[in-house]
Amino acid sequence: MTTEKFTFFTYKLISNIDSGKHIPIFDIKTYIEEGTIFSELFNIIDVPPNHFTKEQQNKLLESWQNFNNAYSPEDLGIKNNGLCLLLSYIIHDIKEILNY
């Protein structure tokens, strides 16, 4: 997976956060646990559903589910907005891609 896909996705998340969009942390965690995060996000942040392939979505979902189980939002300094929590997960994935 390329960093370009993550960069675009990250910019979309940031612009939505900046414009005041708020999704409760509980909702984001639930969407990740239930595996519905992508269908929910594509409706919320105006990213085309084919931005990530199904294989990429499955890989990201697995990563986010692992992260969801390993850390609480507070461990990552997130207290209010689930989009910020998701952004922290994406930053972790970018670090993994770059072997950082």
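Please read these numbers as outputs of a predicted model, since none were measured by experiment.
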A.B. asks: Look up atom CG in Asp27 and atom CD in Glu34, then write down how far apart they are to the nearest 0.5 Å.
C.D. replies: 10.0 Å
A.B. asks: Report whether Ile78 and Ile14 are members of the same hydrophobic cluster (ILVMFWY, side-chain heavy atoms less than 4.5 Å apart, transitive linking).
C.D. replies: yes
A.B. asks: What is the distance from atom CD1 of Ile25 to atom OG1 of Thr30, rounded to the nearest 0.5 Å?
C.D. replies: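 Reported to 0.5 Å precision, the distance equals 11.5 Å.
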A.B. asks: Are there over 12 heavy-atom neighbours, none belonging to Phe8, within less than 6.0 Å of that residue's CZ?
C.D. replies: yes
A.B. asks: On a heavy-atom basis, which atom in Ser39 and which in Asn43 lie closest, and how many Å separate them?
C.D. replies: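 Nearest pair, atom of Ser39 first, then Asn43: O-ND2, 3.0 Å.
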A.B. asks: As an exercise, state the distance from CG of Leu60 to CZ of Phe67, rounded to the nearest 0.5 Å.
C.D. replies: 13.0 Å
A.B. asks: Rounded to the nearest 0.5 Å, what separation is found between the CD1 atom of Ile37 and the CD atom of Gln65?
C.D. replies: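 Answer for the CD1-CD pair, Ile37 versus Gln65, is 10.0 Å.
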A.B. asks: How far does CD of Gln57 sit from NZ of Lys54, to the nearest 0.5 angstrom?
C.D. replies: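 Taking CD in Gln57 and NZ in Lys54, the distance rounds to 4.5 Å.
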A.B. asks: Could you list the donor-acceptor pairs under 3.5 angstrom formed between side-chain atoms of residues 80-94 and any protein atom two or more places apart in sequence or on another chain?
C.D. replies:
residue : atom : partner : partner atom : Å
Asn81   : OD1  : Ile23   : N            : 3.3
Asn81   : OD1  : Leu83   : N            : 2.9
Asn81   : ND2  : Lys21   : O            : 2.9
Ser88   : OG   : Leu85   : O            : 2.6
Tyr89   : OH   : Asn68   : OD1          : 2.8
Asp93   : OD1  : Ser63   : OG           : 2.6
Asp93   : OD2  : Trp64   : NE1          : 2.6

A.B. asks: Report the distance from atom CD1 of Ile32 to atom CD of Glu62, rounding to the nearest 0.5 Å.
C.D. replies: 13.0 Å
A.B. asks: What is the ring orientation for Phe9 with Phe42, classed by angle as parallel under 30°, tilted 30 to 60°, or perpendicular over 60°?
C.D. replies: perpendicular
A.B. asks: Whether the side chain of Gln56 engages the backbone of Thr53 through a donor-acceptor N/O pair (distance < 3.5 Å, no angle test) should be reported.
C.D. replies: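 Present.
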A.B. asks: Does Ser72 offer a backbone N or O that forms a donor-acceptor pair with the side chain of Asp75 under 3.5 Å?
C.D. replies: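 A pair under 3.5 Å: yes.
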A.B. asks: I want to check something: taking the side chain as every heavy atom from C-beta on, are Lys5 and His51 in contact at a cut-off of under 4.5 Å?
C.D. replies: yes
